[in-house]
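Below is one structure, written out as structure tokens; the observations come after it.
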Protein chains: 2
Amino acid sequence: MTASNAFDKGGIIQQRNLVDQVADYLTQAIISQYYTPGERLSEVQLARDLGVSRAPVREAARLLESRGLLVSQPRRGFFVRALDAAELNDIFDLRLCLERHALARLVETYDAEKEAALRSQVELMCEVALHDNDSRKIEEDLVFHRMVISFSGNQRLLKAYDDITHELRLCIALIGKTHADPDSISTSHWPLLDALASGDPDQCREAIDYHIGVAQHYVVKGIGEAL
Amino acid sequence: MTASNAFDKGGIIQQRNLVDQVADYLTQAIISQYYTPGERLSEVQLARDLGVSRAPVREAARLLESRGLLVSQPRRGFFVRALDAAELNDIFDLRLCLERHALARLVETYDAEKEAALRSQVELMCEVALHDNDSRKIEEDLVFHRMVISFSGNQRLLKAYDDITHELRLCIALIGKTHADPDSISTSHWPLLDALASGDPDQCREAIDYHIGVAQHYVVKGIGEAL
DNA sequence: CGATTGGCGACTGTCGACAGTTTTCCGAAG
DNA sequence: CTTCGGAAAACTGTCGACAGTCGCCAATCG
């Protein structure tokens, strides 16, 4: 369910829900910075460009608003969300909160199968870091962390994580470059697996605190430079 | 209290969005169990009852869906969300995660002003527990916990908490009775303030773990009996 | 020359309608 | 009496249209 069918903006689309298709298009357009943060989106123009009526556009915009990608002002329409450094820090603080909790739950039920899945994902990330583009690297990184949350067994926790993931994607493109080279991936993800394998909650917490802290520092610094 | 004349939707106040008004009506109708969990909501019938067209109803339903009060099935419409015990446990687990984090952040910036605000809220809750009805007691309880989260300083954390609050309201009415008598409020909330005043993170965590654990046990047991 | 106001254009909020699909209901067959 | 099937009813997805509102720009006044 990732960005496999990235840009199908033409008028060919007719099979799935128009709302979902418009939402996918808008999501891709926003996180790829085709629309700049703070930009106003006109319903009629969007409807014209996509060859649909305004109703699906409005509902898709509402959906993206609930995901934090758009903000709406009454009688004025929708605007691309512009994150500032404070909001970004809050998001990373919440992410830390969620991942800490997920790890604490996961160590209690950790087994060989889960370890193998996480291990192969990290290996995939290292492989991807050598060949593919930045957005692909970031997606695989998010997949890894989503696996961790998912393995914790709490579906509601996973939903909360997915919510902030959308907002994270919103600002990642702003930074432009990623530090997702094989070295940094190895040094920042293997300790997480080691901590899980050790079964020590404190070690897990220490590992995730460091991991999130590095990412937060990098992203917030990048946003500061981009603004 | 039928749908058509439930609120003063008449000609007096027309300046607000119809979407928000419909959303408020639906929220009240759902958490007051006017609509039963799992019930299908017809857009046309809702539009007829409320005297509006389907467009505002659809957008309001989308909004409630993002808040977890409704679920939608393609081509089938919207249904009132029915929570089972597993989902409820997940919600409380996430709530524990959020409140732990909020307390950990709050102890670092705790001051006399915040303490006074929380203290007066607990006193209000004890007062309310003597005179008012159950829903009022629950609302004041939620206000207290929302204050704690808000005082943590993380706006995004507050939003995540508000999200699960909507879902909590969804099942509270199912239980019918609350254990929010003055005694249980005192014994379960004062220790939280004491822990905050002590400035000890471990004591805070212990207090919130016990507090949420009691509430979770009570609510999940209530749901088990209600189903 | 700057501030204010009026008009014009564009846009959102809302509505009713149509087409395709799902559900329901009723009769017939086993 | 139960089950199957088809037609009708109801519903959702989508569309185009209209009215009220907001923002912009120009014309006017101090």
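Numbered from 1 within each chain, the chains take letters A, B, ... in sequence-line order. Since the structure is predicted, the reported quantities are computational estimates derived from the model, not experimental observations.
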Evaluate the side chain to side chain donor-acceptor pair (under 3.5 Å) criterion for residues E140(B) and Q121(B): first the C-alpha distance (whole Å), next the side-chain angles of each, then the deciding distance (0.1 Å), finally the verdict.
CA-CA 8 Å; E140(B) 295 300 337; Q121(B) 178 62 26; 2.9 Å; yes
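- Rounding to whole angstrom units, CG of residue L46(A) and C1' of dA10(C) are separated by 15 Å.
- The separation between R48(A) atom CZ and dC15(D) atom C1' is 16 Å, rounded to whole Å.
- Nearest-nucleotide mapping onto DNA chain C: of R40(B) and Q73(A), the residue sitting toward the 5' end is Q73(A).
- Of the side-chain N and O atoms in R76(B), none sit less than 4.0 angstrom from OP1 or OP2 of dC11(D).
- We find that CZ of F78(B) is positioned 16 Å from C1' of dT22(C), with the value rounded to whole Å.
- For dG13(D), the base has a donor-acceptor partner in the side chain of R54(B) [N/O atoms by modelled type, under 3.5 angstrom].
- Here dC11(D) presents its C1' atom at 11 Å from CZ of F79(B), a figure rounded to the nearest Å.
- Across the protein-nucleic acid pair, Q45(B) atom CD and dT12(D) atom P stand 10 Å apart, rounded to whole Å.
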Is there a salt bridge (charged side-chain N to carboxylate O under 4.0 Å, His left out) between K159(B) and D163(B)? Walk through the geometry before answering.
CA-CA 6 Å; K159(B) 180 179 180 297; D163(B) 283 348; 3.7 Å; yes
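- At a threshold of 4.5 Å between non-hydrogen side-chain atoms, the residues L41(B) and L46(B) count as touching.
- L41(B) comes within 4.0 angstrom of the backbone, heavy atoms only, and of no base.
- Atom CG of N17(B) and atom C1' of dT12(C) are 10 Å apart (whole Å).
- In terms of phosphate contacts, R75(A) brings no side-chain nitrogen or oxygen within less than 4.0 Å of OP1 or OP2 of dG13(C).
- Here CD1 of I212(B) is found 10.0 Å from CZ of R100(B). Values are rounded to the nearest 0.5 Å.
- A close approach under 4.0 Å does occur between a side-chain nitrogen or oxygen of S42(B) and OP1 or OP2 of dC11(D).
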